[in-house]
Amino acid sequence: DSGVTQTPKHLITATGQRVTLRCSPRSGDLSVYWYQQSLDQGLQFLIQYYNGEERAKGNILERFSAQQFPDLHSELNLSSLELGDSALYFCASSVRDNPGAGNTIYFGEGSWLTVV
Amino acid sequence: EDQVTQSPEALRLQEGESSSLNCSYTVSGLRGLFWYRQDPGKGPEFLFTLYSAGEEKEKERLKATLTKKESFLHITAPKPEDSATYLCAVVIPSGSRLTFGEGTQLTVNP
């Protein structure tokens with residue numbers, strides 16, 4: 001158990017709908033990362049927050065957005081869903097905002113999103 | 001462009017047959033190289049971080065090494081429970097993200 005908690009574990013929804021994925025980081029971790037893993041692609045970085053502020057953005061679609069709340073939990077909002085958005089969405093956390101010395105990034109178990 | 005390439009894509013071993021997985025990278029100013037293990041449908045599990053050429057780390061049957069261009073994950077006398085996908089990721093100076101390779105899918109047969 002990494003200590004990173006993600007809900008829901010599984011989600012099936014229809015095209016055009018909107019979903020929210022939730023992440024609670026490890027106790028004491030201020031940085032939260034979101035990654036997408038689909039069958040035909042490896043782990044793709046979406047976005048990072050550190051202590052409530054956006055720190056880095058990857059290949060995140062405009063239909064997707066995220067935020068980190070004062071209690072440090074984070075939510076990833078996916079809207080106008082398409083079939084191609086079906087994937088495993090991982091949240092990860094670390095103490096500091098930069099994965100340097102001693103700043104390990106731990107991953108949650110993921111949220112399986114299926115768009116039908 | 002920063003790239004991470006893992007080889008082989010898949011590796012099948014007999015129990016007890018030692019081997020190595022490779023992760024080569026083209027990154028200027030590497031700030032860390034991470035190894036993770038991922039079981040199907042699960043989140044990546046942290047194994048090691050390496051920061052400088054010549055560094056080595058060990059955990060049970062796994063040993064990770066780092067040079068200026070690549071990292072190796074050596075698996076000594078593997079067991080079936082070592083079967084998983086092993087992911088390599090790098091951190092670059094300009095960002096705080098991990099950039100992952102495609103992974104090596106390891107199968108250890110009893």
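Below, read A as the first sequence line, B as the second, and so on, with proteins coming before strands; counting in each chain starts at 1.
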Checklist entry - Hey, what do you get for CZ (B/Phe48) to NZ (B/Lys59), rounding to the nearest 0.5 Å? => result 7.0 Å
Next on the checklist: side chain to side chain donor-acceptor pair (under 3.5 Å) for B/Tyr25 and B/Thr99? Distances and angles first, verdict last.
Outcome noted: CA-CA 10 Å; B/Tyr25 60 91; B/Thr99 299; over 6 Å; no
Checklist entry - Hey, which of B/Leu66, B/Asn22, B/Val90 is the one that makes side-chain contact (heavy atoms from CB on, under 4.5 Å) with B/Ser71? => result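 In the set B/Leu66, B/Asn22, B/Val90, the residue that makes a side-chain contact (heavy atoms from CB on, under 4.5 Å) with B/Ser71 is B/Leu66.
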Checklist entry - Partners of B/Glu58 by salt bridge (Lys or Arg N to Asp or Glu O under 4.0 Å), sequence neighbours excluded? => result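 Partners of B/Glu58 by the salt bridge (Lys or Arg N to Asp or Glu O under 4.0 Å) criterion come out as none, since no residue qualifies.
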Next on the checklist: Only heavy atoms, only distances under 4.5 angstrom. Which residues in residues 23-30 of chain A are near chain B?
Outcome noted: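 Within residues 23-30 of chain A, no residue comes under 4.5 Å of chain B, counting heavy atoms only.
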Item to check | Side chain / backbone / both / neither for A/Lys9 at chain B, heavy atoms under 4.5 Å | outcome: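 Contact with chain B: none, neither part.
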Item to check | Under 4.5 Å from any heavy atom of chain B - which part of A/Gln37 | outcome: side chain
Item to check | Residue part contacting chain A, namely of B/Gln38, when any heavy atom lies under 4.5 Å | outcome: side chain
Checklist entry - Under 30°, 30 to 60°, or over 60°: which ring-plane class applies to A/Tyr35 and B/Phe100, parallel, tilted or perpendicular? => result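 A/Tyr35 and B/Phe100: perpendicular rings.
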Next on the checklist: Can a side-chain donor-acceptor contact be found between A/Gln48 and A/Ser31 if the only test is distance below 3.5 angstrom?
Outcome noted: yes
Next on the checklist: Please check this pair: side chain of A/Ser86 against backbone of A/Val115, looking for a donor-acceptor N/O pair closer than 3.5 Å.
Outcome noted: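 A pair under 3.5 Å: yes.
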